[in-house]
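Just below is one structure, and these are the notes that go with it.
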Amino acid sequence: MKHVAIIGYGAIASHVIRAISASSAVQLGGVIGRAGRLAAAREAAGPNVAVAEDIGGLATRPDLVLDCAGHPGLIAHGVAILQCGIDLVSVSAGALADEELYKTLARAASASGARLRIA
């Protein structure tokens, strides 16, 4: 079973959390979000799901992280996740128009062997 973490707790993330909860092949292993949104994420994700402000705050290393927070989520967390060797799927294709961000993410992925995918 794959353990998946999610960045964000907005409309996209809440839909993804519900879909993961209904799946027998994937388990929600954590939610990464801004401090002001963590209480809502805890409520939706349930008592057994770790909620943290960054990848280092999760108790269990996920197999995959889904960025559902948009540009700010990818900018804030993408490099650290990729540096940990964790694959990242992002909804933030437009953020990669920033050439420096793209290069930084690509270097982090290349160095660790992780993959960055755009949904």
According to the side chain to side chain donor-acceptor pair (under 3.5 Å) rule, which pairs have a member within residues 44-57, sequence neighbours left out?
none

Which residue pairs pass the side chain to side chain donor-acceptor pair (under 3.5 Å) test when at least one of the two sits in residues 96-109, sequence neighbours left out?
Glu99-Lys103, Thr104-Arg107

Do you know the tightest heavy-atom contact between [X] and [Y]?
X      : Y     : result
Ala50  : Ala59 : CB-N, 4.2 Å
Val91  : Ile12 : CG2-CD1, 4.5 Å
Ser112 : Gly85 : OG-CA, 3.6 Å
Ile118 : Ala93 : CG2-CB, 3.5 Å
Ala69  : Gly8  : CB-CA, 3.8 Å

Side-chain donor/acceptor of Ser110 to backbone N/O of Ala106, under 3.5 Å
no

Output all residues satisfying side chain to side chain contact (heavy atoms under 4.5 Å, CB included) with [X], sequence neighbours left out; order by chain, then residue number.
X     : value
Arg34 : Arg37
Ser92 : Asp67, His71, Leu74, Ser90, Ala95
Ser23 : Ala25, Val26

Please examine the side chains of Val4 and Val65, heavy atoms only from C-beta on, and report whether any two atoms are closer than 4.5 Å.
no

Taking a hydrophobic cluster as the set of Ile, Leu, Val, Met, Phe, Trp and Tyr residues connected by side-chain heavy atoms closer than 4.5 Å, whether directly or through intermediates, do [X] and [Y] fall within one such cluster?
X     : Y      : result
Leu66 : Val49  : yes
Ile7  : Val31  : no
Ile86 : Leu101 : yes

Roughly how far apart are [X] [atom1] and [Y] [atom2], rounded to 0.5 Å?
X      : Y     : atom1 : atom2 : answer
His77  : Leu82 : NE2   : CG    : 12.5 Å
Leu105 : Gln83 : CG    : CD    : 9.5 Å
Ile81  : Asp87 : CD1   : CG    : 11.0 Å
Ile6   : Ile17 : CD1   : CD1   : 4.5 Å
Leu58  : Ile32 : CG    : CD1   : 5.0 Å
Leu64  : His3  : CG    : NE2   : 12.0 Å

Quick one: list whatever passes salt bridge (charged side-chain N to carboxylate O under 4.0 Å, His left out) with Arg61, sequence neighbours left out.
none

